[in-house]
Amino acid sequence: MLKKLKEYENDSTVKLVILKGKGKAFCAGGDLAAYYKHTTEGHWTFATLYYKKQLILAHLLATYKKPLVALIDGTVMGAGAGLSMYAPYRIVTENTVFAMPEAAIGLFPDVGASHFLSRLPGFLGEYLGLTGARLDGEGMIACGLATHFVLSKDLHMLENALEGLTCSDTASISLLISKFVHQKNYMKQDNAFYERLKIANKCFSRETVEDILLALWQPSKLELITGEIVDQYFRNVDDDEDDWEPLKLPPRSSNGFIIDAARSKL
């Protein structure tokens, strides 16, 4: 990929470059299985070369001299974000799922994530980077990670139209993409996003992880927990589409076997 991108950048016949995935995902991240296998076996050279290539590629994309159009249909996580977030045109669909899940495996969001996460509104970047929380395509539009929303079924036509462009003019590219944008009422989605952002700003604006955890858990002292707070986690499911009922088990007397067996060992 690195070789091809360099070739396209220096080819005067190439007016723009389209980035897309093969299959149902754009890119779910790097090959962590291979990385883990080689490092646990003591082959640190592999890990060094792996990250060297990854970061060189991210730097090339971030400084690319020709327009990049990322068609982000499906999963885009970790290194996949490093491949797409530097494109001036970041097109998402109803299938898009974004996340930076590195913290869950003891790593940190890399591939230049400190650049694009730090530019998100409020403390959303801290929230996404520390938790690995996911955003759908609509959420990416709301926070600025994506520039356009196009239905998945229309991507092929958009791609064909982009291939027909004979110039690298940004106004022409933007005008063409706008013809395929799915016009949708985002009021409901925007409200959900801003409610999520409100919580992120409240909790992830703290100076330390310990303070963030304290902010996430309210009340901060065990003796302040009320019955109403506990009931919030065990309330009935409110779903109009299905008939939900609390699980009710018939009364049974214990045979005392487990308790008696445990006592015999004490």
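Below, all heavy atoms of this structure are taken into account, side chains as well, without hydrogens, waters or symmetry copies. A quick note: this is a predicted structure, and the numbers were derived from the prediction, not measured. When a residue number appears, it is its place in the shown sequence, counting from 1.
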Which heavy atom of [X] sits nearest to which heavy atom of [Y], and what is that distance?
{"X": "Asn201", "Y": "Leu124", "value": "OD1-N, 4.5 Å"}
{"X": "Gly139", "Y": "Asp136", "value": "N-OD1, 2.7 Å"}
{"X": "Pro109", "Y": "Leu117", "value": "CB-CD1, 4.3 Å"}
{"X": "Val111", "Y": "Met100", "value": "CG2-CE, 4.3 Å"}
{"X": "Leu61", "Y": "Gly82", "value": "CD1-O, 3.7 Å"}
{"X": "Lys15", "Y": "Cys167", "value": "CB-O, 3.6 Å"}

To the nearest 0.5 Å, tell me how far [X] [atom1] sits from [Y] [atom2].
{"X": "Ile56", "Y": "Leu49", "atom1": "CD1", "atom2": "CG", "result": "9.5 Å"}
{"X": "Asp211", "Y": "Leu216", "atom1": "CG", "atom2": "CG", "result": "11.0 Å"}
{"X": "Met1", "Y": "Leu60", "atom1": "CE", "atom2": "CG", "result": "9.0 Å"}
{"X": "Ile212", "Y": "Ser205", "atom1": "CD1", "atom2": "OG", "result": "8.0 Å"}
{"X": "Leu57", "Y": "Lys6", "atom1": "CG", "atom2": "NZ", "result": "9.5 Å"}

Check the hydrophobic clustering (I, L, V, M, F, W, Y; side-chain heavy atoms under 4.5 Å; chains of links allowed) and say if [X] and [Y] are grouped together.
{"X": "Leu71", "Y": "Leu19", "value": "no"}
{"X": "Tyr51", "Y": "Ile105", "value": "yes"}
{"X": "Leu176", "Y": "Leu68", "value": "no"}
{"X": "Val181", "Y": "Leu151", "value": "no"}
{"X": "Val69", "Y": "Phe26", "value": "no"}

Treating Arg90 as the side-chain partner and Ser84 as the backbone partner, does any N or O pair qualify as donor plus acceptor under 3.5 Å? no
Item checked: Donor-acceptor pair, side chain of Thr96 and main chain of Ile72, under 3.5 angstrom -> yes
With a 4.5 Å cut-off on side-chain heavy atoms, are Met140 and Met85 touching?
yes
*So, do Lys3 and Glu7 sit near enough that their side-chain heavy atoms are less than 4.5 Å apart?*
yes
ask   = More than 12 non-hydrogen atoms from neighbouring residues, nucleotides or ligands closer than 6.0 Å to CD on Glu207, yes or no?
value = no
In short, ring-ring contact (aromatic ring centres under 6.0 Å, His included) pairs touching residues 75-128 with sequence neighbours left out are Tyr127-Phe204
Which residues share a side-chain contact (heavy atoms from CB on, under 4.5 Å) with [X], sequence neighbours left out:
{"X": "Val150", "answer": "Ile91, Asp154, Leu155, Leu158, Phe180"}
{"X": "Glu210", "answer": "Thr208"}
{"X": "Lys66", "answer": "Val14, Tyr64"}
{"X": "Asn95", "answer": "Asp73, Thr93, Ser152"}

Checking Val17, Ile18, Ile173 against Pro67 for side chain to side chain contact (heavy atoms under 4.5 Å, CB included), the one that qualifies is Ile173
Residues joined to Met77 in its hydrophobic cluster, side chain to side chain under 4.5 Å directly or through other members, sorted by chain and number, are Val97
